[in-house]
Amino acid sequence: MKKVAIVGVEGSGKTVMLAGLGDLYTYPDEEGYFLAPKNFGTAAYVAEKIERMRKGEWPSATAGDEMQGLDWTLKRREPGVRKPAEKVCEVSFLDFAGEVYRVAYGISSGGDASLKEQAEELKQYVCGADELIVLINLRDVIANGLRDTRVQEAMWITKSILDTALGDDAGTHAPRAAIVLSQADSYAETIKSCGGALGVLERYLPHVAAEYGWLDVFAASAVDKTNLDDNGNAVPTADFTTKGLLPILKWIRGEEASDGGGRGATA
């Protein structure tokens, strides 16, 4: 059974996306696919984050001194057939503080021994996957641009993650990989004007696109309905859905995942 790993630098939307995936696939879809939590921690994580979002609050990111792990099994029960569900693959997520990414990929020297240990674990996690999803936050790259230090770091780390998994040093075990642009609902017009997710990558993260534009590239969003709070910030509405994450699970299942603006993922 294959293992799917999901990674992304701080601010890439991992917390909301992972909660949304768990919520979206709590119950079987029309084809019988669903996500079964492998442990209590994963089930509790999804429930707590989704409840907070239903109340109009964005969940807080993983604290800097924590390492959050989530594990599911993607299963399929054939509709109308009374028999045990078939195990399709394992989906795992191991969240690290931003400084761990910086140490792992050469932005920071990181004098703390524990940081170096986590950096090595991060690399092993990336290289041990059969399939790899790398998240990029559209808000950062479109609103802030390449002049922003955080965007520069995100670009370098994203490229370095893919280098580690797919480059010359990856060895014989190179995963099937995809680049997913998060918060697609807020930037639908930009995605359309660029001709799709690949066009966005080429325009805003050219170094990543130049080397890894041949990968599956598509856009997804975890929340489809928001409104403005008293401070003018967009927050989720109580009746939001997570259907914007369907392209991710379709890609994992080996199906085409359209990005709604041109280039989609291909099996």
Side-chain angles (χ1 to χ4, degrees), residues 6-18 20-21 24 58 101 105 131-163 165-167 175-228 233-234 236 240-267:
I6 302 174
V7 296
V9 300
E10 58 186 327
S12 58
K14 297 186 299 294
T15 301
V16 174
M17 194 209 76
L18 267 294
L21 279 178
L24 179 63
W58 295 112
Y101 279 91
Y105 298 107
E131 295 187 349
L132 177 67
I133 293 175
V134 181
L135 294 177
I136 297 176
N137 188 330
L138 277 175
R139 181 187 61 197
D140 285 346
V141 300
I142 291 176
N144 299 331
L146 290 175
R147 294 182 179 181
D148 187 88
T149 301
R150 178 177 169 182
V151 176
Q152 293 172 13
E153 288 185 355
M155 180 176 67
W156 179 258
I157 291 172
T158 299
K159 180 180 177 300
S160 298
I161 289 172
L162 293 167
D163 287 346
L166 305 173
R176 173 174 173 252
I179 297 173
V180 176
L181 308 180
S182 65
Q183 298 196 15
D185 57 316
S186 299
Y187 295 96
E189 289 302 317
T190 301
I191 294 170
K192 183 177 180 180
S193 68
C194 289
L198 179 59
V200 173
L201 199 70
E202 291 171 339
R203 178 175 177 180
Y204 292 98
L205 293 178
H207 294 140
V208 176
E211 195 149 2
Y212 292 106
W214 56 272
L215 291 175
D216 296 330
V217 183
F218 58 96
S221 59
V223 172
D224 66 347
K225 295 180 181 179
T226 61
N227 55 23
L228 299 180
N233 299 314
F240 76 86
T241 74
T242 54
K243 292 181 180 180
L245 295 174
L246 281 170
I248 294 178
L249 264 294
K250 285 186 176 182
W251 183 86
I252 290 174
R253 285 152 42 180
E255 303 171 16
E256 183 174 348
S258 172
D259 69 5
R263 164 80 176 269
T266 54

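Source: prediction; values computed, not measured.
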Would I6 and V180 count as a side-chain contact (heavy atoms from CB on, under 4.5 Å) here? Give the steps.
CA-CA 10 Å; I6 302 174; V180 176; over 6 Å; no

Walk me through it: do V208 and L201 pass the test side-chain contact (heavy atoms from CB on, under 4.5 Å)?
CA-CA 7 Å; V208 176; L201 199 70; 4.2 Å; yes

Apply side-chain contact (heavy atoms from CB on, under 4.5 Å) to V134 and L215, showing your working.
CA-CA 11 Å; V134 181; L215 291 175; over 6 Å; no

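Here the CH2 atom belonging to W214 is positioned 5.0 Å from the CG atom belonging to L166, to the nearest 0.5 angstrom. Rounding to the nearest 0.5 angstrom, the gap separating the CE atom in M17 from the OG1 atom in T242 is 11.0 Å. Atoms OH and CG, on Y212 and L205 in that order, are 14.0 Å from each other to the nearest 0.5 Å.
Taking the side chain as every heavy atom from C-beta outward, V141 and L181 never approach each other to under 4.5 Å. Looking at W251 and I133, their side chains come closer than 4.5 Å, going by heavy atoms from C-beta outward. Inter-residue side-chain proximity for T190 and Y204 is flagged as met; some heavy-atom pair is nearer than 4.5 Å. Using a 4.5 Å heavy-atom cutoff, the side chains of I179 and L162 are in contact.
With sequence neighbours excluded, no residue forms a side-chain hydrogen bond (donor to acceptor under 3.5 Å, both in side chains) with R139. Partners of D224 according to the side-chain hydrogen bond (donor to acceptor under 3.5 Å, both in side chains) rule, which considers only residues two or more places apart in sequence or in another chain, are T241. Looking at residues two or more places apart in sequence or on another chain, you find no side-chain hydrogen bond (donor to acceptor under 3.5 Å, both in side chains) involving S193. Not counting sequence neighbours, the partners of S182 by the side-chain contact (heavy atoms from CB on, under 4.5 Å) test are N137. For R203, the side-chain contact (heavy atoms from CB on, under 4.5 Å) partners are C194, not counting sequence neighbours. In terms of the salt bridge (charged side-chain N to carboxylate O under 4.0 Å, His left out) criterion, K243 has no residue partners (sequence neighbours excluded). With sequence neighbours excluded, the residues satisfying side-chain contact (heavy atoms from CB on, under 4.5 Å) with T226 are W58, V223, A234.
In plain terms, the two heavy atoms of P247 and A219 that are nearest each other are CG-O, 4.2 Å. Of all non-hydrogen atoms in V16 and A222, the two that sit nearest each other are CG1-CB, 3.5 Å. Heavy-atom minimum distance, L198 versus G213: CD1-O, 3.6 Å. When all heavy atoms are compared, the tightest approach of A184 to L138 is CA-CD1, 3.9 Å. Minimum heavy-atom separation, L21 to L245: N-CD1, 3.4 Å.
Sorted by first then second residue, the salt bridge (Lys or Arg N to Asp or Glu O under 4.0 Å) pairs that include residues 206-215, not counting sequence neighbours, are K159-E211.
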Name every donor-acceptor pair, under 3.5 Å, that has one atom in a side chain of residues 151-158 and the other anywhere in the protein, sequence neighbours excluded.
unit_1, atom_1, unit_2, atom_2, d
Q152, NE2, L146, O, 2.9
Q152, NE2, R147, O, 3.4
E153, OE1, R102, NE, 3.0
W156, NE1, Y105, O, 3.1
W156, NE1, S160, OG, 3.4
T158, OG1, A154, O, 2.7

